[in-house]
Amino acid sequence: MIKCNGKQVDVKHFPDGTLLMKELIGQKDKVTLTWMYENNEELVALYFLTKHIRSKGVKEIALELPYIPNARQDRVKAEEDIFTLKYFAEMINSLEFASVTVLDPHSYVSEALINNIRIQTPKKYVDRVLAELTKKHGENILLYFPDEGAMKRYSAMFDRPYVFGIKKRDWTTGDIKGLDVAGQTELIKGSTVLMVDDICSRGGTFYYSAKTLKELGAERMYLYVSHCENTILEGELLKTADVERVYTTNSIFTKKNDKVEVLDYE
């Protein structure tokens with residue numbers, strides 16, 4: 001979905017499948033486009049729309065892009081690998097946005113590749129969740145980060161005790177074979193745990209994390225991820241009683257589930 005100054009852009013199609021777009025811009029010095037990613041066709045729509053706006057004499061165009069598409073392909077390991085993130089960034093850069101605001105990017109590479117990037121941390125969303133959990137369960141909220149990278153990224157944002165996971169992975173298959181937990185582990189027993197990370201696909205990492213935390217004595221567990229893919233509905237995470245609720249923004253999650261609470265991107 002693409003919005004122009006807060007109003008959703010109506011994207012239709014001609015009979016041959018090509019895009020049919022109309023947008024009245026008027027006399028404006030600045031326009032803000034918001035792209036809540038749903039599919040790759042929207043990149044073409046964004047390109048056409050931005051060119052249209054510039055043709056009307058608008059000098060400053062800002063882009064709100066909460067989720068960065070192609071961020072998973074942030075490196076190449078084999079000759080046949082296509083560096084899609086690099087080429088995506090080149091397309092975005094060619095549109096010369098005054099700023100590109102992103103939320104909690106999955107890859108540091110994307111931060112380096114996109115010009116005029118402004119990074120919004122997930123702090124205000126996590127704080128909102130923490131306030132809700134504190135009201136419900138009291139002050140005994142322990143943060144959990146699923147790996148050392150997440151621990152380094154998020155721990156300084158919150159003045160709260162935390163633990164973090166150290167995954168034992170089969171590097172041939174990518175499967176998680178076990179999990180150790182480090183940090184203030186003496187606080188786990190009897191605690192309410194909020195797991196925090198940037199992205200969730202099927203939820204395997206959080207499923208195994210929750211099982212391990214439960215074995216270590218955690219009383220109840222919740223999850224916050226900035227970007228939740230619709231594929232979470234296909235995994236085991238939402239089926240387990242170990243995780244009571246998943247919180248996410250509407251950056252890419254477009255489905256509905258009783259255990260998923262969606263926070264509006266601001």
Can we say Glu261 and Arg128 salt-bridge, meaning some charged N sits less than 4.0 Å from an Asp/Glu carboxylate O?
-> no

Note to self: side chain to side chain contact (heavy atoms under 4.5 Å, CB included) for Lys30 and Ile61? Distances and angles first, verdict last.
What the structure shows: CA-CA 6 Å; Lys30 180 178 179 180; Ile61 307 175; over 6 Å; no

**Message:** Test your reading of the model: is there a side-chain donor-acceptor pair from Thr249 to the backbone of Leu263, 3.5 Å cut-off?
**Reply:** no

Query raised in the report: Counting heavy atoms not belonging to Arg75, are there more than 12 under 6.0 Å from its CZ?
Result: no

Test of understanding: clusters of I, L, V, M, F, W, Y form through side-chain heavy atoms closer than 4.5 Å, transitively. Do Tyr208 and Ile199 belong to the same one? no

*With side chain to side chain contact (heavy atoms under 4.5 Å, CB included) as the test, would you mind laying out the steps for Glu111 and Ile119 before giving the verdict?*
CA-CA 8 Å; Glu111 298 177 28; Ile119 298 169; 3.2 Å; yes

Practice prompt. Please check if atom CD1 in Ile82 has more than 12 non-hydrogen atoms from other residues, nucleotides or ligands closer than 6.0 Å.
Written response: no

Grouping I, L, V, M, F, W and Y whenever their side-chain heavy atoms are under 4.5 Å apart, do Phe206 and Ile232 come out in a common cluster?
yes

Notebook entry, point to check: Crowded around Asp16 CG? As in, over 12 foreign heavy atoms under 6.0 Å?
Noted result: yes

Salt bridge (charged side-chain N to carboxylate O under 4.0 Å, His left out) filter on Glu41, not counting sequence neighbours, yields none

**Asked** Would you find more than 12 non-hydrogen atoms of other residues, nucleotides or ligands less than 6.0 Å from Arg160 atom CZ?
**Response** yes

Is the Tyr125 ring parallel, tilted or perpendicular to the Tyr224 ring (thresholds 30°, 60°)? parallel

| Is the side chain of Ser99 donor-acceptor paired with the backbone N or O of Thr101 at a distance under 3.5 Å, no angle test? | no

Query - Salt bridge Glu132-Arg245, side-chain N to carboxylate O under 4.0 Å - result: no

Separation between NE2 (His106) and CG (Asn70), nearest 0.5 Å, reads 12.0 Å

Checklist entry - Under 4.5 Å between any side-chain heavy atoms of Ile53 and Glu23, yes or no? => result no

Between the CD1 atom in Ile166 and the CG atom in Asp180, the distance rounded to the nearest 0.5 Å is 6.0 Å

When you compare the side chain of Val243 with that of Met195, does any pair of heavy atoms fall below 4.5 Å? yes

Notebook entry, point to check: When hydrophobic residues are tied together by side-chain contacts of less than 4.5 Å, even through go-betweens, does Tyr162 share a cluster with Leu216?
Noted result: no

Heavy atoms of Lys259 and Leu238 approach each other most closely as CD-O, 3.2 Å

For residues Asn230 and Phe253, determine if any side-chain heavy atom of one lies less than 4.5 Å from a side-chain heavy atom of the other. yes

Here the pair of heavy atoms bringing Asp242 nearest to Ala210 is CB-CB, 4.0 Å

Heavy-atom nearest pair, Arg72 first then Glu229, reads NH2-OE2, 2.7 Å

Separation between OH (Tyr144) and CG (Leu223), nearest 0.5 Å, reads 10.5 Å

If you count heavy atoms of other groups shown closer than 6.0 angstrom to NZ of Lys214, is the number above 12?
yes

inquiry  = Looking only at the side chains, is there a donor atom on one of Arg202 and Thr231 sitting less than 3.5 Å from an acceptor on the other?
reply    = no

- Aromatic rings Phe83 and Tyr87: how do their planes relate, parallel, tilted or perpendicular, breaks at 30° and 60°? perpendicular

Problem - Side-chain donor-acceptor pair present, His137, Tyr222, cut-off under 3.5 Å - result: yes

The complete set of side-chain hydrogen bond (donor to acceptor under 3.5 Å, both in side chains) pairs with one or both residues in residues 49-68, sequence neighbours excluded, reads Glu64-Tyr265

Handout entry: Side-chain touch Ile92/Leu113, heavy atoms, less than 4.5 angstrom
Key = no

The residue among Asn116, Ile117, Leu33, Val102 that forms side chain to side chain contact (heavy atoms under 4.5 Å, CB included) with Leu63 is Leu33

Evaluation steps, side chain to side chain contact (heavy atoms under 4.5 Å, CB included), between Tyr108 and Arg153: CA-CA 11 Å; Tyr108 292 119; Arg153 186 184 305 126; 3.7 Å; yes

query: Side chains of Asp127 and Phe158: does their closest heavy-atom pair fall under 4.5 Å?
result: yes

Heavy-atom nearest pair, Leu43 first then Met91, reads CD2-SD, 3.7 Å

task = Would you check if there is a donor-acceptor pair between the side chains of Asp104 and Tyr154 at a distance under 3.5 Å?
result = yes

- Query: Any link between Val193 and Met151 through a network of hydrophobic side chains (Ile, Leu, Val, Met, Phe, Trp, Tyr) touching at under 4.5 Å?
  - Reply: no

Query - CD (Glu80) with more than 12 external heavy atoms under 6.0 Å - result: yes

Rounded to the nearest 0.5 angstrom, the CD1-CG distance for Ile252 and Asn39 is 12.5 Å

Ser226 and Ser251 have their tightest heavy-atom pair at O-OG, 3.4 Å

query: Between Glu139 and Ile141, is there a donor-acceptor pair closer than 3.5 Å when you use the side chain of the first and the backbone of the second?
result: no

Within a radius of less than 6.0 Å around CG of Asp81, do more than 12 heavy atoms belonging to other residues, nucleotides or ligands occur? yes

Whether Ser191 side chain and Ile188 backbone form a donor-acceptor pair below 3.5 Å
yes

Determine, step by step, whether Cys228 and Val262 satisfy the side chain to side chain contact (heavy atoms under 4.5 Å, CB included) criterion, reporting the C-alpha distance in whole Å, the side-chain angles of both residues, the deciding distance to 0.1 Å, and the verdict.
CA-CA 10 Å; Cys228 186; Val262 180; over 6 Å; no

Is there a side-chain contact between Val100 and Asn115 in this structure, where contact means two heavy atoms from C-beta onward sitting under 4.5 Å apart? no

Do Trp35 and Ile68 belong to the same hydrophobic cluster, where Ile, Leu, Val, Met, Phe, Trp and Tyr are linked whenever their side-chain heavy atoms lie under 4.5 Å apart, directly or via other members? yes

- Query: Quick one: are Asp197 and Phe145 in side-chain contact, heavy atoms under 4.5 Å?
  - Reply: no

Flag side-chain contact, heavy atom, 4.5 Å: Leu143 against Leu130: yes

For Val163 and Gly183, the nearest pair of non-hydrogen atoms, with its separation, is CG1-C, 4.1 Å

Interatomic distance, CG@Leu237 vs OG@Ser201, rounded to 0.5 Å, equals 11.0 Å

Enclosure of Lys28 NZ (heavy-atom neighbours >12, cutoff 6.0 Å):
yes

So CG of Leu133 and NZ of Lys135: to nearest 0.5 Å the spacing works out to 12.0 Å

